[in-house]
Protein chains: 2
Amino acid sequence: MKEFVPVLKRTKLFSGVGDDDISTMLSCLEARLLTYKKGEYVLRQGEHLSDILVLAEGRLHIQRDDYWGNRSILGHIGVGEIFGEAYVAPESGTLLNDVISVEDSSVFFFDVKRVISTCSSACRFHTMVVQNLFFAISEKNRGLVQKLDYMSRRTTREKLLSYLSEEAKKQNSASITLPFNRQQLADYLSVDRSAMSNELCKMRDEGLLEFEKNRFRLF
Amino acid sequence: MKEFVPVLKRTKLFSGVGDDDISTMLSCLEARLLTYKKGEYVLRQGEHLSDILVLAEGRLHIQRDDYWGNRSILGHIGVGEIFGEAYVAPESGTLLNDVISVEDSSVFFFDVKRVISTCSSACRFHTMVVQNLFFAISEKNRGLVQKLDYMSRRTTREKLLSYLSEEAKKQNSASITLPFNRQQLADYLSVDRSAMSNELCKMRDEGLLEFEKNRFRLF
DNA sequence: ACGAGTCGGTTGTATTTACAACAGAAAGGA
DNA sequence: TCCTTTCTGTTGTAAATACAACCGACTCGT
């Protein structure tokens with residue numbers, strides 16, 4: 001578990017907390033580290049959650065399959081990212097989405113009660129961690145608003161352009177790598193894969209962008 | 001300002017805090033109360049924000065107009081609701097949406113620095129308020145995920161049904177009142193108003209629902 | 001090298017949507 | 001009351017989308 005302290009140090013949750021203090025907190029918070037093979041579920045829609053999770057290694061998707069098998073991908077979780085925070089509030093219901101590993105992954109579980117309630121011992125960082133938690137969920141929130149912005153576009157092209165240009169801004173480059181293949185990108189933007197593929201090729205022919213696999217370059 | 005203490009007491013932000021303590025905090029936090037006429041902007045897209053806001057009276061819409069005048073309504077704010085919390089984090093950029101009053105409204109402004117940093121004096125509630133803030137933003141988060149669920153539906157009918165049935169669940173009744181007129185509902189669900197109106201009438205003819213103005217009844 | 005499975009692109013068709021234009025009802029102000 | 005404005009429903013057409021089916025390229029394991 002200690003091996004991941006450098007990873008944890010760079011997370012939003014432990015921002016501003018030193019290595020030693022993180023080690024201390026790992027035991028103080030009774031952190032657990034679970035591993036998942038590619039394709040395994042980390043969380044399932046409808047479950048109750050009382051832990052805040054941090055991805056130590058691997059990649060995850062937050063998604064949801066409806067009754068007819070239509071998949072909708074809400075988002076992607078990379079190393080160091082927090083997730084599950086939105087469902088640990090007392091009156092929050094059950095999870096609305098599945099979380100599934102798209103690569104072999106390791107996940108930290110922190111019991112929210114221990115994270116939030118200040119304890120008497122050496123852990124003087126609870127207050128800071130709660131603040132960090134607030135800022136982290138703020139960021140998630142803004143990300144969701146951003147996604148709603150993509151989704152509010154009427155055409156597949158507009159959805160693609162708003163998503164890709166935002167991603168270029170985030171990755172600070174006109175050449176970007178997406179965490180999705182075509183089907184996943186279509187599920188993320190809630191459009192038909194073949195129609196999207198078609199549109200992408202049209203846009204390429206018009207000189208708006210280039211792509212190869214999941215690497216895109218905007219012009 | 002004191003007149004709104006009963007309102008504040010019932011907000012998520014001050015949940016668990018007594019009347020007297022709220023009064024104390026109002027001055028400790030240097031709260032400001034501003035009023036807006038119907039149609040006025042409370043916040044504008046692109047602005048920086050360093051306050052957490054609470055609606056004391058009236059109704060607000062969170063929305064966004066693009067360059068071509070297409071309006072997208074992100075959500076609705078009722079009395080006692082918190083807003084702006086997602087944009088007060090240090091690295092959060094500028095606001096992505098406008099907030100506009102749809103009725104004459106009064107809004108509390110709380111400087112986030114004062115809310116978050118524990119002060120030495122009588123205000124022993126900062127810790128609790130930060131926790132409340134976390135829970136409140138959690139709820140916002142789940143609401144956004146819910147909205148993404150509506151928006152991920154492919155057809156106008158599916159969007160309407162998922163929104164209306166979720167609203168019925170929230171209002172705990174098959175008879176619900178929406179905070180939107182037709183155009184606003186269309187802007188909220190990102191569909192064409194006339195197509196939506198058409199679809200609503202078809203659904204009514206099929207016996208799925210009834211409506212009159214912004215009151216709906218599901219069967 | 002082979003076959004199974006995955007992935008991305010292409011095409012055609014039926015469905016759905018957006019857009020524009022119009023009309024009647026309701027609301028609000030002078 | 002009259003006039004204006006707003007709101008809602010209706011219709012027709014053009015555009016965009018979903019869906020299904022198919023193909024070739026590629027990957028992977030045997």
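First the proteins, then the strands, lettered A, B, ... as listed; each starts at 1. Keep in mind that what you see is a predicted model, and the values were worked out from it rather than measured. Excluded from the calculations below are hydrogen atoms, water molecules and symmetry mates; all remaining heavy atoms, backbone and side chain alike, are included.
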> Does the pair A:R215 and A:T177 meet the rule for a side chain to side chain donor-acceptor pair (under 3.5 Å), with working shown?
Replying inline: CA-CA 4 Å; A:R215 289 198 52 78; A:T177 303; 2.4 Å; yes
>> Going by the rule salt bridge (charged side-chain N to carboxylate O under 4.0 Å, His left out), which residues pair with B:K213 if we only count those two or more places apart in sequence or in a different chain?
In response: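 B:K213 satisfies salt bridge (charged side-chain N to carboxylate O under 4.0 Å, His left out) with no other residue.
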>> Just to verify, what does A:E139 make a salt bridge (charged side-chain N to carboxylate O under 4.0 Å, His left out) with, not counting sequence neighbours?
In response: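 By the salt bridge (charged side-chain N to carboxylate O under 4.0 Å, His left out) rule, A:E139 matches A:K12.
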Rounded to whole angstroms, how far apart are [atom1] on [X] and [atom2] on [N]?
X      : N      : atom1 : atom2 : answer
B:F216 : D:dT8  : CZ    : C1'   : 11 Å
B:R182 : D:dT10 : CZ    : P     : 11 Å
B:N181 : D:dT5  : CG    : P     : 18 Å
B:L200 : D:dT8  : CG    : C1'   : 11 Å

Does [X] have any side chain to side chain donor-acceptor pair (under 3.5 Å) partners at least two apart in sequence or in another chain, and if so, which?
X      : answer
B:E103 : B:R59
B:K140 : B:E85
B:E167 : B:Q171
A:N132 : none

>> I need a per-nucleotide contact map over nucleotides 16-30 of chain D, read 5' to 3'. Cutoff is protein heavy atoms under 4.0 Å; write B for the base, S for backbone only, - otherwise.
In response: SSSBB----------
> Restricting to pairs with a member in residues 67-97 of chain A, which pass ring-ring contact (aromatic ring centres under 6.0 Å, His included), not counting sequence neighbours?
Replying inline: A:H61-A:H76
>> Please list all pairs meeting ring-ring contact (aromatic ring centres under 6.0 Å, His included) that have one or both residues in residues 131-151 of chain B, counting only residues at least two apart or in different chains.
In response: B:Y150-B:Y163
> If you take all heavy atoms of B:D192 and B:A186, which pair is closest and at what distance?
Replying inline: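 In this case the closest contact between B:D192 and B:A186 is C-CB, 4.2 Å.
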> For the helix from C:dA1-D:dT30 to C:dA30-D:dT1, what is the angle between the axes at its two ends, each from 5 pairs, rounded to 10°?
Replying inline: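 Rounded value for the end-axis angle: 50°.
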> What is the 5' to 3' range of DNA chain C, first to last nucleotide, that sits under 4.0 Å from any heavy atom of chain B?
Replying inline: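 Boundary nucleotides touching chain B, in 5' to 3' order, are C:dT16 to C:dA27.
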> Closer to the 5' end of DNA chain D via nearest nucleotide, is it B:N198 or B:F180?
Replying inline: B:F180
> Under the side chain to side chain contact (heavy atoms under 4.5 Å, CB included) test, which residues partner B:S72, sequence neighbours left out?
Replying inline: A:S152, B:S190
